[in-house]
Structures are given as C-alpha cells and as structure tokens.
Protein chains: 2
Amino acid sequence: MMDIEQFRKAGYEAIDRICDFYYRLEQKNVVADVEPGYLQNLLPAQAPEDGEDFKIIADEYQRLIVPGLTLWQHPSFFAYFPTACTFEGMLADLYASSACNPGFNWICSPACTELEVVVCDWAAKLLGLDKAFWNESKTGGGVIQTTASDSVLVATVAARSRYIRANPDADLSKLVIYVSSQTHSAGAKAALILGLTNRILDVTLDDNLALRGSTLRAALEEDMAAGKHPFILIATVGTTSTGAIDKLPEIFEVANDFPSLWVHIDAAWAGLSLVCPENRELCYLDRINKSATSFCTNFHKWGLTNFDCSVLWVRNRIDLTEALDITPTFLRSKHGDAGTVIDYRNWHLGLGRRFRSLKLWFVLRSYGVRGFQSYIRKGINLNRKFASLVRSSSEIALVTQPSLALSVFHVNAPMDAQDSISAQNSLTTAVYESLSARKDIQLTQTSVQGLTCIRFAVGAARTEERHIEKAFAIILEETKSAIRVFKMKGAP
Amino acid sequence: MMDIEQFRKAGYEAIDRICDFYYRLEQKNVVADVEPGYLQNLLPAQAPEDGEDFKIIADEYQRLIVPGLTLWQHPSFFAYFPTACTFEGMLADLYASSACNPGFNWICSPACTELEVVVCDWAAKLLGLDKAFWNESKTGGGVIQTTASDSVLVATVAARSRYIRANPDADLSKLVIYVSSQTHSAGAKAALILGLTNRILDVTLDDNLALRGSTLRAALEEDMAAGKHPFILIATVGTTSTGAIDKLPEIFEVANDFPSLWVHIDAAWAGLSLVCPENRELCYLDRINKSATSFCTNFHKWGLTNFDCSVLWVRNRIDLTEALDITPTFLRSKHGDAGTVIDYRNWHLGLGRRFRSLKLWFVLRSYGVRGFQSYIRKGINLNRKFASLVRSSSEIALVTQPSLALSVFHVNAPMDAQDSISAQNSLTTAVYESLSARKDIQLTQTSVQGLTCIRFAVGAARTEERHIEKAFAIILEETKSAIRVFKMKGAP
C-alpha cells in the first residue's frame, strides 16, 4: 500500500542496492551456498494479517533472497548457456512493469504491439535474416515468445496445423516430429505436450554431432513408406550439449524433395553469433534465409536482453494465425477485424503477453550493431583462449570442436589405464563433482556418445581473460587432484 | 553499454518518470489516441550502427511509447478485467530483473524455486484453499504460470496424460475436452493447440449462464455411450463474459460418478474474491476444496500483482511431473536426482522461467490479508453502486445478475419498438461504438445468448465512487443520444 512518494524513496533505494550488488558481484560466490529448504525455514507459513513496511520487505529481500541466488551474471559463470542481462534491460523491465497491461491485441495497448513489430525487424536485420522473415514483408514476421521451448512448441503446432490442412485424411496418430539425438529437450517436451511421436535421428562424433542430410532422407523414406507423417524437423544451429551445427545445406536439399516438411531452426544460443558477418557461413545463414520455415534465437541468452526474450520468425505468418486464432466477441476490435494490425495473441499459445519488446529496443539502441558485435566477438575470443589452454594441457582434452563460445572437454585417461573410456568417464565425473562442490565457479556436465564431459560456456557480460585463466587453473587443479586419487585407489 | 553509475542516474530518472506518470494518470486519456502504424512511422527501420546515449532512449520512451499505451491502471478503465498493478510489484520486477536467471531448476537459483514454493502456499491460505493444494502437503502444490490460458493448457496436458495412463487402450482421437459456451477462449485454444476435440455444453440465461450438473451428466453419458473419452471439464468461477459461476455442487456430484474426469476450475478473475470469507459460499469454495483436481486464479488480474502471475494449484503434483518431466543430462542435479527439491520446469510447459514469486511476495507482505480484503471489497462495493445506478435508470438494464465486480448491461428498447431484441441490439451496438470512440473511458462488449451487451468491470486500484458516477453519466449520455438518433431514423 505504497503511495507515490514512498515508491520514489523505495525505488531510489532499489537502484542503489542493485548498484551495490553489481559492484560486489565479482567478490561473491557464483553458486548460492544454501541447502534445500533454507528459505522455507526462514519465512513464516502464511502472509501477514496486516501490511508490512516496505523497508522491512526490501531488507529481507537483501538478507534472505539474495544469498539464495546463483549469479548468472558473475564473470566466473560458465554453466548452461549465458543469460546475459544488462542495466538497459532492467530499466526496460521497470518501465514495462509500470505500464502494466496484458497486450493481447493492438487496442489493448497499441505501443506494445507496434514496438514488437518494429524491434523484431531490427533484430532480423541485425542477424542478417532475409526480408521474407521481416514484419515489413507482410507475409512473414517475427514475434517475441518466452523461451525457445515455447518457440519450438508454437512452430510444431503451426506445422501440424499446416500439414493437416494440406492432408486432411492423414491419420493423426501417425504424425511424427523429427529431432536429432542432440536436439534440445524442448523437442521431446513438445512431443510430450502435443501427444505426438518424436523420432530421434542419429548423429556421430565423426560428424561433430551434426545431423546429416542422408540420415534425414533415410528416415523420411522409411517413415513415409510405413504410412507415417513426418511433418516437422527441429534442426539446431548450436546444440546445448556441444554447440553442434546441423548440416543445413544437406538438410534443405533433402527437404526440397519433401515440401510438406516444416524445417524449424532452433538457434536459441548460437543464433546471436549471426550478428557478426564472419559467423554467418559457419551457421549456414544463406540456407536458412533461402529455405527455413521458421527460425528462433533467444536474446535472453547471448543477446544482452533480460530473461525472457525468445524471438521466433516465420516465413508465413498465416501458418501461425491459421493454427492459433480464436476470436470471441470480447476480443474483437475495429482494427483487428479490419486486419490492419497484428494481433499477437494469434501468434503465440496464450492470450495475455508482457511488454517484452521494450527491453530489446533499449538494448539494441544502447549497444548498437557495433556494440553487439564486440560483445559476441569477445565471447568467441575468450572461448578460443580457453580451448587453447585445454589443448596445451596433457590432463584434459576437447571432445568436440569448440563451437563459437562453447567448449566441451573431458579428462584424459592415465596412460596405463586398462579400460580407457571407463577411466576417462570416472575421472571426468570426479572432476565434475569437485567443481560442483565449489562455489566460486559453475560449469555443467553433458554426455556425448557415451563419454562423460564437462561444458564450458562463455558469455557473461563481465567475463574477461583473467577469469578464463582462473577457471582453467581451477579445472586443472581439480583434475590433477582427481588423477592423484585415481592412481592411488585405482578408481575414484 | 551503461556502467554502474550511469545506471544509478538513469534508474533514479526512471523512478521519477514513473512517479510523474502516476501523478498525472487521472488527467490522461484512458485509451491511446493513436492510429495503426503510428510507431512504425516514427522509428527508423533498423537498429543504430553505434550505441546511443541512454538519455535519448529514455526520452523517446516518454515521447513515442507512453502516448501509445492504453492505461489499464486509469481509474476510468472498466474494460476486459482489471490488471491491477502496484508499486510493490514494479520494484519486485526490477529486483528480479537485476537477478536475471532462467530459474528452471533448484540449483539454477535456489531462492527462485523456494520462494515460489512458499508464496504459492501463502496465496492458497489467503484464498482459503484446502491443505491438499499446498506445497506443504508434498502431494499437491502450487506453481506460477504466465496466464490462465497457460494454466488451462497445463491442466489439460496433465489430464490427458493421466487419462491415457489409466486407459492405455483408449483411442486418442476420441478424447474430448468439455467446456461450456461461457468458458474462456483459452479452452478452445487448448483444444486447438493439442489437436483435440472440445464439446461445448449449453447454459441458459435462466440459470444466469452457469453450467448445470444435469447438462454435464447428459453429455458424459452420451459421449461415453458413443465410445468417446471426455477426460477434462474446464469449469469456471466467474466467466469473462458475465462473471457466471458454474454450479459446482451439481457438477462435482456428477463428477463423483465419473472419477476419470479431471475438473479444472478456471477462476482467473473471480478466484481473488475468495480472499474475503463472505464470497466463499458464492464461489463454492468448500466444493472446490473437496473435489477440484486443479484450480487457477490470476494474481495479475484482481490481485494487485504486476502481469504476469497466474497461480495453478493441483491436488496431485505427480499428475504434472508424469506429464511434463524431461530430464536430459545437462539438467540433472544432485538435489533434483534426490527428489529433495521441486524442479518447477516439470510443472509447466517451457524450461526457463522468470522469478515471478518475488512480486507476489512483495505484494502479499505489503498489503497483508486485511489490505487485500479491503481492496476486493472496494471493487465489489463500487460495482454494487454501478448496478444500483443502472437499476435506477429506464434507459439501460442489467442483462445478468451483477457478479462480484462485474456488471453486464444493454440498452432497453423504446416502448414502441416492433422487434424489441433487434432494437436493443442495434441501440447497444450504437452506444458501444460511441463509448469506443471516446478516449476518456474504456469498456468492452460481449454477446449473451443473442443479446448484444456491454461489460463494466471494476478493479483498477485507483477507482473511486466518483469515477463510477462519472462513468454512469457518460454511458447514460451516450445512450440518450443513441435513443434520440434511433427515434429519428428508426434504426441507428
């Protein structure tokens, strides 16, 4: 029950606290040093009967919540993928929250729709996406979803709808979603949610875990001969596990022969690398521009925009609206009926939507194209540094080619190990457990064709070369220690 | 590319601008006075090459974006349902944005998960929900979704999964979702997304548009005899169109005979009225507590919490995790494996999630139970005032019983009109068009069993009795004017 002047005071204080938080960021632990249930034990079991003073609330945020945060913005955060946020994004979130509205159609708050239309085009141009995907084209277009999982689900729903319209007699129980064994779990989750089958296409370490056209073709031919209906392929540019990039030239050559197959490109993380022209060939931008049905990248990952901000572009916006448009009387509006405006509620799963375009607008303007490029290049260069340190060591080795700002490594087995893969895996697990027990650094594990691995993902906005060197030193120290134990005990 | 001190300066300024915005709120128009495309014409077609000074960006927010906002917090906003936000919610959004992380599992940021576990219980207790729905119960629990559409979709996916596990031989093409003709479009959208059939159950104006148990029973018997599989009913407490409350005692009596039917209660708006004990009988809280499979209400509607914050409670959390759990290696964690923590990613559709519990915590603490109750009572009393004004007029009339803080009215036909329903509808449409053309008030239309109606929804936090009186005067003025035109021309 705060009035305007109390808000001013509490607002200034919040800004000051956030400044302090960022001044001290590097001195803090990356990982929250709390045990499960820590907070339940500190909070009462129900809301207070009478309202409390905001000073107490803000103090308790500081005292009880902040110590339980894992610091994704910490320069020594190398886990998962970055969620690089910026002060510009925070201010946009604040402004957007003050203009609180559910933005489900144009009249509901015109600026929210219109800014999204504009910034999705700005973002498309920043990445070099073809005009076909711009809102300006009036046929394709971009829309901000919450996460890449959401984008995958929307693309799959739209693809299914398009397929059924074209093949009204198809047996719906025989629809199949194609993913590779490296596709993000969002693919499997979309299948689970929609009650559809997904077929996992194999990849090999020889191909650096990229999906090949020949694998796709064989599956399509086999499934279609069996009366099945593969209707979407979720291809990936930059897989979560190792940053693998599916072989899009081959894939689109095959897809060309199967025009009813929707090809969604999930570039949740690596899509941002397209900001720099030098990465476009690697990511097959030309082929995406020519042939992808939909494309998604998360500005909240490697794009400096505060979570959540996943941009989904489609070549044909009608594929979304045909699949998702429900217009009851209470949602009808003059401009919506006239078709002169985009009603974004028909471009996503829910109805209401947050004013997410504001943060993307603030960030794109404050950084500019060059600022974005420097940030992306810095991440890639820091990962090159890390990879060269790994290559220089005899204790650990890269498992796959470093991909943009991600490296995947494991521990080398001692020369005299009998079962070298088993020894490697045991040692890598031991090192990962030691690293996980530390609070001053965070990495995540993965599994690659039976090999236990550790991922090293660069991208937090404040990471510098010295953090890479320190991280490598820590990894090496833990590795040497695990090898000593291994040699003493036989196995960790 | 803002540094910490630049952020402090821009942050203070943002707080000041928001203060100004709220000081001037009432003097502004409710509805944005812009035409489609206004913003595209004012903005460049691409992001700048070099970063811009934040001062310019913030000024343009003020100059270009703010005039394009429809002011849902304006005291004369009576459209849709309220999206009542608070300064406490804004500050929480700011803090949450500064702690930016995708919170998909416990270790990812323990405080985010743990606070959600706690505040969902606080919210359940505030509403009087039974212990079965509390996270404390370890069997049921609450989770924050984005919107009620999202909650409906999650409940439907979980219900389908539960049904298929219990009936593995069921023909999936014969699954049916039950909604009433008054259910929110989220029900139809869930069916569209999931590729399932929905059956629309009839209601009558005599029953004040509430779904009856007898209608449900007849449909169940008919469908099951025909080999169909109705697996979920989306029942509503407080429909969007008129605030109708389905007859839950009858519905649960029927459901008792069909234990495989999941009954989801969508109380997106009216659920908040449960904060006040005097509304609990009306909303059948006892029956919900005894029998509902899941229950949802949106704290971002009538609950003072900034959009988005839809809380979904389920009686059996395993229904969610069985339907939605995907755990690849890179998402495994010690505590998740041990089952000692909730991994909320398995309780919703996506993977990443925003730190939404913080705003609910701030708001619940700052208002306390009593503050919440006063706010809800004020809305209901203001709507009573409006309804009594309508009843006192001869020009307009209520179409249904006023429901909590919502009234639905239409224009009375002149005594001498030949076809009174057609005259009523024409007149109501004319009045609605006049009201829509005004910028100083906003209402929305609906259609009730062939009757064109106008909705009047109270709930913006700053609405006082004088705004109700002013709104009524405007409505009456526009109605009299439409009647004059009608009498002159025969029909508008």
Which portion of B/Val157 sits near chain A, non-hydrogen atoms under 4.5 angstrom: side chain
What part of B/Pro44 gets closer than 4.5 Å to chain A, counting heavy atoms only: side chain, backbone, both or neither? both
Under 4.5 Å from any heavy atom of chain A - which part of B/Leu358: side chain
Which region of B/Leu43, side chain (C-beta onward) or backbone (N, CA, C, O), has a non-hydrogen atom less than 4.5 Å from a non-hydrogen atom of chain A, or is it both or neither? side chain
Portion of B/Glu60 that has a non-hydrogen atom of chain A nearer than 4.5 angstrom: both
Can you list everything that forms a ring pair (Phe, Tyr, Trp, His ring centres under 6.0 Å) with B/Tyr22? Sequence neighbours excluded, please. B/Phe87
Checking B/Ser310 against B/Thr147 for the side chain to side chain donor-acceptor pair (under 3.5 Å) test, could you report, in this order, the C-alpha distance in whole Å, the side-chain angles of both residues, the deciding distance, and whether it holds? CA-CA 5 Å; B/Ser310 174; B/Thr147 63; over 6 Å; no
Close aromatic pair by centroid cut-off 6.0 Å: A/Phe104 and B/Tyr80: yes
Looking at chain A, which one of B/Arg354, B/Arg370, B/Gln6 has the largest number of heavy-atom pairs inside 4.5 Å, strictly under? B/Arg354
No-hydrogen, no-angle side-chain donor-acceptor test under 3.5 Å, B/Ser241 and B/Thr446: yes
With a 4.5 angstrom heavy-atom cut-off, which part of B/Thr70 approaches chain A: side chain, backbone, both or neither? both
Is it the side chain or the backbone of B/Gln73 that comes within 4.5 Å of chain A heavy atoms, both, or neither? side chain
Which atoms of B/Tyr375 approach chain A - backbone, side chain, both or neither, heavy atom under 4.5 Å: neither
Is B/Arg17 close to chain A through its backbone or its side chain, or both, or neither, when contacts mean heavy atoms under 4.5 Å? side chain
Under the ring pair (Phe, Tyr, Trp, His ring centres under 6.0 Å) test, which residues partner B/Tyr61, sequence neighbours left out? A/Tyr95
Taking all atoms of both residues into account, what is the closest heavy-atom pair of A/Tyr367 and A/Thr86, and its distance? OH-CG2, 3.4 Å
Options B/Ser98, B/Cys85, B/Ala84, B/Ala323, ranked by heavy-atom pairs under 4.5 Å with chain A, top entry: B/Ser98
What part of B/Val118 gets closer than 4.5 Å to chain A, counting heavy atoms only: side chain, backbone, both or neither? side chain
Which atoms of B/Val363 are under 4.5 Å from chain A, going by heavy atoms: the side chain, the backbone, both sets, or neither? neither
Tell me if the centroids of the rings in A/Phe54 and A/Phe7 come within less than 6.0 Å of each other. no
What option among B/Ser97, B/Gly368, B/Ala45 has the most heavy-atom pairs under 4.5 Å with chain A? B/Ser97
Is chain A contacted by the side chain of B/Asn135, its backbone, both, or neither, given a heavy-atom distance below 4.5 Å? neither
For B/Lys189, which atoms come within 4.5 Å of any heavy atom of chain A: side chain, backbone, both, or neither? both
Of the backbone (N, CA, C, O) and the side chain (C-beta and beyond), which part of B/Asp3 lies under 4.5 Å from a heavy atom of chain A, both, or neither? backbone
Can you give me the closest heavy-atom contact between B/Glu114 and A/Leu39, atom names plus distance? OE1-N, 2.8 Å
